[in-house]
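The next block holds one structure in the form of structure tokens; read it before the comments.
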Amino acid sequence: MPALIIDGRAAREAYMPALQARIKALIAPPTLAIIQVGDRPDSTAFIKAKSAFAVKVGAKTRHIHLSEDASQADVIKSVQECNASHDIHGIIVQLPLPITIDQDAVIEAIDPRKDADGLTALNVKHWLEGREDAIMPATARGVKELLEHYKLSLFGKHVVVVGRSMLVGKPLAALALNENATVTICHSRTADLAQETKKADVLIVAAGRPALIGPGHVHEGAVVIDVGINDAKREKLEEEIPGRKLVGDVDFAAVLPALGDAGAITPVPGGVGPMTVLGLIENLVDLCARV
Ligand code: NAD
């Protein structure tokens, strides 16, 4: 038997009734402001996916689209308007922003009470402290609930996270630590990546590098969570993987047989992505319920 393929779309479906019921019980539909700067096609596609899921469960989104040449002050002004609006319960800034804009300054302008992605310094601090009222970064929440759905516990496991960004890698490492795993964090300066990743009971990869993880990076029976989303076209992988627009960081076809029947792996697309969107809307509902 091959390794289990972890289905993020099916897991999300299973979480939907409870989320819809929570939204119905609120006085007004929770509304998420999504601020986009410029026209990156991947950002536009992610925003569409977030809006479509929000509508499906009874929430609303407001897309605030600024031009590529918007200044940092313009973006912060939009954030502040959303902070002040009583009709908006959560705010996200679609990342990455153009390089001329200080991403941290924009994120810090978000009122922590409306921080649906859980990225402001106050939220990160509260979450690291394990406070119940902290908003968990959406990707970490999505991965947590995906693992829970499949009854894959991190307790006492050796979790290796590849990637150390504030947006994804560090929150995932903190999640594993909070779940009582022993955690190793690898990054672009790790001397021997395969030597570290092979020790993983659970390998979480968030590097943004297609095919970074091959069969020589895993041991039989491991659980592999591929967070990476890479544009096959931009990476010039279209000929190798015909018909695939998105690829992860794991060489799925090569790694799957190496995991054996006790292993498990997420595909891209259809693995972590749908669960991140679920985590985001769950965060929005949590914020709305507090108003
Ligand atoms: P980033 O570029 O900010 O960080 C990448 C990290 O990977 C860095 O810490 C770097 O040290 C590490 N890295 C890069 N090359 C490496 C190598 N060769 N070996 C080991 N480590 C290496 O990117 P990010 O914002 O953290 O996003 C990472 C990936 O996750 C991207 O593909 C992004 O599209 C994806 N992502 C997916 C979701 C989702 O819902 N599935 C959500 C957010 C981001």
Side-chain angles (χ1 to χ4, degrees), residues 6-9 11-12 15 34 40-50 52-53 92-97 99 102-104 106-107 116-119 124 136-147 160-175 183-200 203-214 216-218 224-235 237 244-252 265-283:
I6 297 174
D7 185 340
R9 292 194 187 104
R12 186 169 79 174
Y15 281 98
I34 304 177
R40 277 180 66 118
D42 53 347
S43 291
T44 303
F46 292 143
I47 290 169
K48 266 194 194 154
K50 289 167 186 174
F53 182 71
I92 62 163
V93 176
Q94 188 64 42
L95 302 175
L97 290 170
I99 47 164
D102 177 353
Q103 208 153 280
D104 291 342
V106 172
I107 287 170
D117 256 340
L119 295 178
V124 171
M136 189 182 300
T139 308
R141 185 167 186 167
V143 169
K144 179 176 188 286
E145 292 178 354
L146 185 60
L147 292 169
V160 177
V161 179
V162 182
R164 58 175 166 183
S165 73
M166 281 304 288
L167 179 64
V168 199
K170 282 183 182 138
L172 287 166
L175 163 74
V183 183
T184 300
I185 305 176
C186 299
H187 44 80
S188 52
R189 300 287 186 270
T190 298
D192 187 341
L193 185 65
Q195 192 190 330
E196 300 302 329
T197 57
K198 262 194 283 196
K199 294 180 204 155
L203 174 61
I204 305 179
V205 193
R209 299 281 181 275
L212 178 66
I213 301 299
H217 290 82
V218 297
V224 179
I225 305 294
D226 189 355
V227 183
I229 301 179
N230 307 293
D231 182 342
K233 197 171 177 181
R234 209 174 52 213
E235 308 287 347
L237 289 169
R244 294 281 301 278
K245 273 200 211 145
L246 296 178
V247 292
D249 290 347
V250 178
D251 183 345
F252 183 87
I265 183 168
T266 58
V268 177
V272 174
M275 292 301 290
T276 297
V277 176
L278 173 76
L280 171 68
I281 303 303
E282 287 177 333
N283 281 348

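Both ligands and their constituent atoms are indexed starting at 1 by order of listing. The basis for the numbers below is simple: all heavy atoms, side chains too, and nothing from hydrogens, waters or symmetry mates.
The atoms of ligand 1 that sit less than 4.0 Å from any heavy atom of Asn230 are 32 (O). Close contacts between ligand 1 and His187 involve ligand atoms 11 (O), 19 (N), 20 (C), 21 (N), 22 (C) [criterion: under 4.0 Å to a heavy atom]. Close approach of ligand 1 to Val162 is summarised as follows: ligand atoms under 4.0 Å from at least one heavy atom of the residue are 20 (C), 21 (N).
Of all protein heavy atoms, the one closest to atom 29 (C) of ligand 1 is Gly208 N, 3.6 Å. Nearest protein heavy-atom neighbour of atom 28 (C) of ligand 1: Ala206 O, 3.5 Å. The shortest contact between atom 26 (O) of ligand 1 and any protein heavy atom is with Ser165 OG, 2.4 Å. Counting protein heavy atoms only, atom 18 (N) of ligand 1 is closest to Leu212 CD1, 3.5 Å. Protein heavy atom nearest atom 40 (O) of ligand 1, with residue, atom name and distance: Thr276 OG1, 2.7 Å. The nearest heavy-atom contact from the protein to atom 43 (C) of ligand 1 is Val168 CG2, 3.7 Å. Closest to atom 8 (C) of ligand 1 among all protein heavy atoms lies Arg164 N, 4.0 Å. The protein heavy-atom contact nearest to atom 15 (N) of ligand 1 is Arg209 NE, 3.3 Å.
Residue Thr190 places no heavy atom under 4.0 Å from ligand 1.
Closer than 4.0 Å to atom 23 (O) of ligand 1 lies none of the heavy atoms of the protein. Protein non-hydrogen atoms do not reach within 4.0 Å of atom 2 (O) of ligand 1.
Contacts of Ile229 with ligand 1, taken as heavy-atom pairs under 4.0 Å, involve both backbone and side chain. Only side-chain heavy atoms of Thr139 come within less than 4.0 Å of ligand 1; its backbone N, CA, C and O stay farther off. Neither the backbone nor the side chain of Leu95 has any atom closer than 4.0 Å to an atom of ligand 1 (non-hydrogen atoms only).
Atom CG in Leu119 sits 7.0 Å away from atom CG in Leu95 (nearest 0.5 Å). Rounded to the nearest 0.5 angstrom, Ile6 CD1 and Met275 CE are separated by 10.5 Å. Going from atom OG1 of Thr276 over to atom CZ of Arg141 covers 12.0 Å, rounded to the nearest 0.5 Å. Between Ser43 atom OG and Gln94 atom CD the span is 4.5 Å, to the nearest 0.5 Å. Rounded to the nearest 0.5 Å, atoms CG (Asp231) and CZ (Arg40) are 9.5 Å apart.
Distances from atom 5 (C) of ligand 1 to the heavy atoms of Gly163, Pro171, Pro137, Ala207 put Ala207 nearest. With distances taken over non-hydrogen atoms, the option nearest atom 16 (C) of ligand 1 out of Gly279, Gly8, Ser188 is Ser188. Considering each of Asp226, Leu167, Val227, Leu193, the one bringing a non-hydrogen atom nearest atom 35 (C) of ligand 1 is Val227.
Not a single donor-acceptor pair under 3.5 Å links the side chain of Asp226 to the backbone N or O of Thr266. Not one N or O on the side chain of Asp117 forms a donor-acceptor pair closer than 3.5 Å with the backbone of Ile92. Side chain of Arg164 to main chain of Gly169: no donor-acceptor pair is present (N/O by atom type, distance under 3.5 Å, no hydrogens or angles).
Under the side chain to side chain contact (heavy atoms under 4.5 Å, CB included) test applied with Phe46, the options Ile34, Ile229, Val277 reduce to a single match, Ile229.
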